[in-house]
Structures are given as C-alpha cells and as structure tokens.
Amino acid sequence: MENAEIARVLSEIADLLELTGGNPFKVRAYRRAAQVIDVHPSPVAPLWRAGGLAELPGIGEHIAEKIGELVDTGECREHARLATQVPPGVLEMLSLEGVGPKTVAAVWKGLGVSDLAGLEAACRSGRVLEAPRVGAVRAAAILAAIERHRGRAGRMPLHRALEHADAILARLRQVPGVSRAEAAGSLRRRKETVGDIDLLVASADAGPVVRAFTRLPGVAAALAEGPTKASVRLRAGIQVDLRVLPPESFGAALHYFTGSKTHNIALRTRAMKLGLKVSEYGVFDRAGRRVGGAAEEDVFRAVGLPFIPPELREGAGEIEAAEANALPRLVEESDLLGDLHVHSRASSDGRSELEELAARGRALGRRYLAVTDHSRARPLGLDGPHLEAHAAAVRALDARLGGRPRLLAGVEVDVLPTGELDLPLDVLRGLDCVVAAVHSRLADPAPRMTERIVRALRSGAVHVLAHPTGRALGSRDPSALDLGRVLSVAREEGVALEVNAMPERLDLGDVGCRAARAAGVPVVISSDAHEASQLENLRHGVWVARRGWLEAKDVLNTLPPDELQRRLRRRTARTRTRTATTTP
DNA sequence: GCCGTTTTCGGCCCGACTGTTTTCAGTCG
C-alpha cells in the first residue's frame, strides 16, 4: 500500500473522530501521523515489517499498529468502525470552505442533514438557520462553497500560481510605505501544486496595502478584509491570502507563513522548551522582550539551528538534520551545466531548429545539450537510418560551433510494451546519450509496468530513464510502478533517473528524488524542451530536486562536459563488455 | 494518541477574522 493511501486513511480517521466527538488531541495525533507518512521519502510498509515504524516522529505504538493492519490486510478496523457511524456525505461536507467539524456535526446531528444535496436544500429553505451560529450570511457562504466544490479546479500547478503571485507582488510593491512584499506558503516551498497563494507585505501602515489588494484588477471577490489581513478569490479561481506586518516582524512572519504547519509546530515547540515564544511578530523571551524577528534567520538562530531552506520545511526530518548539522547543500540552478533531453524539428513534436536550440542554450549558459528526438514508435519519430543521419547533422553543427555549447547526439527511445527498445541496440550504442521513456499503455498494472521498465534498463543501452512515472499534473495520474525495484535495477545498471522539468510533468517528483538519493541513483534534471524557449524550464526541475533533498553531486548534469561524456561512455563501455561476455 | 535534560502524567503552537453574538465560538492558516 502506498504512503499516500495510508495517509488518507489516517487523516480520515481524524475527521471521523472529530465528527463523533473524539478527544481533540487524539484527532491531532492522527492528523500529524498522516502528515508524517505522506511526506516520508520511502514506502513505510517495509518499515512496519522491520518493526521500526514507531521510531517515526508522531507515530507511536497504536498508530503503528493501525498502519500495520492497513499494510497487511488493506483495511483498518478502527477506521471501518468509525465509518459506520458517519455517512460518507457528512465527511464530504467537511471539505467545504468555511465549514468545519462543529458546523457539520451540528447540521448532521441537529438537522439530520447527511450529504451535500441535503445541506444545499437546508440552506435554500432556511432550515440551516436552526443550527447554532449559522445566520443568513453563513447560509449564503455555504451555498457558494458547495458551488465551488462542485466545479472545483483543484490545486493549481506551481508555475501558474507563481505568475499570479508575481503580478500581484509587483503591484503591492508600488503602494507607498511598502518595504518588502514576498510570497510565502507552499508557493515559497515550491510545492508542485498550490492550493492557495500566501503573500506577505512589510509596511508600518497596513490599511492602504489591504485596500489596494482587495481592489486588484484580477479579483473576482473579496472573501475577508480586516485591518492587517485579507483574502480574495481571483477570476483564475485561486484564493490569495495577504498579511501585512511591521518591518521588524517581517522575518518572523515570513518564516511563520512559509510553513509547513508541521515544520512550524516542531519549531515552536523547540522554542518553547528554550523558554522562548515564536509568533509571526517575532521571537520573544520569558519576559516578553523581543529578541529578533526582522530577518528570517533570527528565528532559526533563536532556537539554535542553521537556516533551513524553504523547500525542506515539510516536517520530514529537516529539523533533526539541522540539529545534527547534516542539512544537504541543495542543488542550485547555477549548478546545472547542461541539458540532456531536448527536442528539435527533426521529429514529430519539436518546433525549433538545431541552430536555434544551440543559440538559446548558449545564451542561457548551458555548456552542453543532448538532442534527443523521438524514435519511430512516436508519430513521425526517427527510425535507425534517419536517426543516424540526424546524429551526423548534430555532430556537424557541434563541430561548426566549436562545442559552444557542446551538442550531444542522442535519442528519446520508446520503451515498447514488451520492455524492448524501439531501435536496434547497435544504433543506440552509436549515440552519445540515450534517454528511454514509456509513452504507451500508461495504465498497465504495476507488476507489468515495473518489469517493462526493468527490461529496458537491463538492455544496457540506456543512460537515462525519462519521466519515470508518466504523470501529468492535474490530468494524468502516475503509472502504477514499483519505484523501489526500478531504483535498485537502475543502480545496478548505472542508469540515471530524470527529473523532467516540464511544469506539467515534474516527474520524478520530490518524494521520488529523495528515494533516488537514498538508493544511490543519480538524477538528471532535464527541460524536455520542445522549443528553444522551453530550455528555461530547468528551474522547475531544480525546485523539485531541492524539495527532494538533492545536492549538486546527486545530479549528473552538474558535471562539466568532458566529465559528463566520460560518465556516459563508461556506461556504453560496460555494456559492450557485458554483451561480449554473455553472448555465446 | 504522542511525548519527555522541565514531565512516564499531564500537557499538547499561536493568532486573525467573521458572524453571531453582547463576550466569543468556529474556522483557517
């Protein structure tokens, strides 16, 4: 069973307990446990079998047993027992904005409303007003929330949220008195999708900032507006929250609103033990005296920790690593020296000429580009002879450009449903960089997909496994796959796994990166550019890698050109040796 | 339910805004 599924069940137990009047601290314990499992970098099932589950923070004897039950039987009796007491429609009501456990419990137990349709009817008829603390305004808000829930766009991909945030921040910085304006929240942690946008502004005079914010051109509705805080919904559908603080609090606030919640609780608890209080206004000692808060570093310094980069603040071991002075030195965009997955017009879907790609690559400071057009299984893909001619053209241009940037002749070869590669091995061995990818039958069951990929990796001709899970954010789920097995074979075979930096893919994702690092498998961050401008996508991949705790040494395309090519040739040489010794 | 050089029992992060109320509960982040 996947970690995500275990986390979902634990979180649902928390909801069910809350609705049935359970101990609020028990509810919190389940929530925390769900969070910990959700971000844990490797499957927890083996951990349960090895008896090490209760060593995870927030997982004690009882919750470990529940997880074990889930892993062993696929069910959890405690969950099932609670679920019989609460109709599924009641749980669904909890996902409405502005509707929490108290309200749901009140309309369910008090009015007999047990699903969204019932709640909608009760709002329209006015019967919902019989519930405590529900008036006409809330009834209307609930109706609107039901509406949004039904047509929900869901979470927004990071790159789109960033565009909205940047546009708004630029405007807020124009407001007189504003000294700083930054994005916080999951956006700053560079999560792959963003549920809402959190913005933070430093100003001694909050009023004008709040007013400017709620009157921005893209605003569809102001949801809340107070003296220092406001929320709006953009016409694009996403909610934006603004908080204005005095400059002396900006660092503490930036830390606080960057989160994650789990990280903040851990950090505040640590502060409490040191006799300090950390809030968004600053760090305060026992006497209530401010000891810091203007800079984010103040918060970490106060609790005796080094600065933790935002991408790591998921409560997934970063505090412990910081304590042990074992934080990774995260890879940066400037560490990347080249790009190993780029398409040209030679095959189906590329739109730029080789010369344009090379020129743009050089302008971006890339020292090498691997041209990896599609193989014949893709519409208009290249067969052996065409690919060899294309490789010759790439090398001729490389010679003409004098290796600035160095152009590598490569291919993105399809992994066929059988696990065979779409081109003969001798053609592949003549190339500098072979990127293998699955593009068909993405919904195959995990055992079949895993064996298919393993067979391709065992071919000996593959340097990089591209977009390993095939997911497309918001439109296609990742393929079922035993990533642990793929990683162990990749390690044996010397194959790197790609972090595909197309903003809609980001595949591997953060959790996969961390697993690759743990398995000792190098990663390649690639743009998969289909036109020259997309070479800039690399930065999205860097964010994913940073969230996956990767350092420059974990990423192959931080190597300078000669060293990289030696690495790729070593792989090919190994293949030849083995073929020679295993072929009769 | 979890956790501990303040505790194996008795705590559990902290604050803003809204709507419903005449002082605060609920929700959210």
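Chain A is the first sequence line, chain B the second, and so forth, proteins listed ahead of strands; every chain is numbered from 1. None of these values were measured; they are calculated from a predicted model. Computed from heavy atoms alone, side chains included, the values below leave out hydrogens, waters and symmetry copies.
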Exercise. A/N3 and A/E5: side-chain donor and acceptor closer than 3.5 Å?
Worked result: no
Seminar exercise, completed: Readout for nucleotides 21-29 of chain B: B = base within 4.0 Å of protein heavy atom, S = sugar-phosphate only, - = neither; 5' to 3' it is ---BBSSSB
For this session: Kindly say if A/T228 contacts the phosphate of B/dC17, meaning a side-chain N or O under 4.0 Å from OP1 or OP2.
Result: yes
Exercise. Does A/Y281 place a side-chain N or O at less than 4.0 Å from the phosphate oxygens OP1/OP2 of B/dA16?
Worked result: yes
Problem set entry | Partner residues of A/W549 under the ring pair (Phe, Tyr, Trp, His ring centres under 6.0 Å) criterion, sequence neighbours left out | none
Exercise. Looking only at atom P, what distance separates B/dC2 and B/dT6, rounded to whole Å?
Worked result: 23 Å
For this session: Taking atom P in both B/dG26 and B/dT21, compute the distance separating them and give it to the nearest angstrom.
Result: 12 Å
For this session: Write down the distance between CG (A/L200) and P (B/dG15), rounded to a whole number of angstrom.
Result: 16 Å
Exercise. Can A/F25 be classed as stacking with the base of B/dC2, given a centroid separation cut-off of 5.5 Å and a plane angle cut-off of 30°?
Worked result: no
Exercise. Quick one: CD on A/E225 to OG1 on A/T214, what's the gap to the nearest 0.5 Å?
Worked result: 4.0 Å
Exercise. Which nucleotides of nucleotides 3-10 of chain B have their base under 4.0 Å from a protein heavy atom (B), which only their sugar-phosphate (S), and which neither (-), written as one string 5' to 3'?
Worked result: S-------
For this session: Name the nucleic acid region contacted by A/A136, choosing base, sugar-phosphate or nothing; use a 4.0 angstrom heavy-atom cut-off, strictly under.
Result: sugar-phosphate
Seminar exercise, completed: Rounded to whole Å, the CD1-C1' distance (A/I13 to B/dG1) equals 11 Å
Exercise. Expressed as a whole number of Å, how far does the C1' atom of B/dG15 sit from that of B/dT7?
Worked result: 27 Å
Exercise. Distance between the C1' atoms of B/dT8 and B/dG1, in whole angstroms?
Worked result: 15 Å
Exercise. Listed by chain and number, what are the ring pair (Phe, Tyr, Trp, His ring centres under 6.0 Å) partners of A/H255, not counting sequence neighbours?
Worked result: A/H263, A/F300
For this session: Flag yes if more than 12 heavy atoms outside A/R77 fall under 6.0 Å of its CZ atom; otherwise flag no.
Result: no
Exercise. Should we say atom CD of A/E2 is surrounded by more than 12 heavy atoms from elsewhere, each under 6.0 Å from it?
Worked result: no
Exercise. Considering only the P atoms, how many Å lie between B/dC13 and B/dC3, rounded to the nearest integer?
Worked result: 13 Å
Problem set entry | Listed partners of A/F25 passing ring pair (Phe, Tyr, Trp, His ring centres under 6.0 Å), at least two apart | none
For this session: Measure from CG on A/L267 to C1' on B/dC14 and round the result to the nearest Å.
Result: 13 Å
Problem set entry | Stepwise side-chain hydrogen bond (donor to acceptor under 3.5 Å, both in side chains) check, A/E92 with A/H149 | CA-CA 10 Å; A/E92 195 182 4; A/H149 177 78; 3.2 Å; yes
Exercise. Is there a Watson-Crick or G-U wobble partner for B/dT8 with both distances under 3.5 Å, and which nucleotide is it?
Worked result: none
Problem set entry | ring pair (Phe, Tyr, Trp, His ring centres under 6.0 Å) partners of A/Y281, counting only residues at least two apart | none
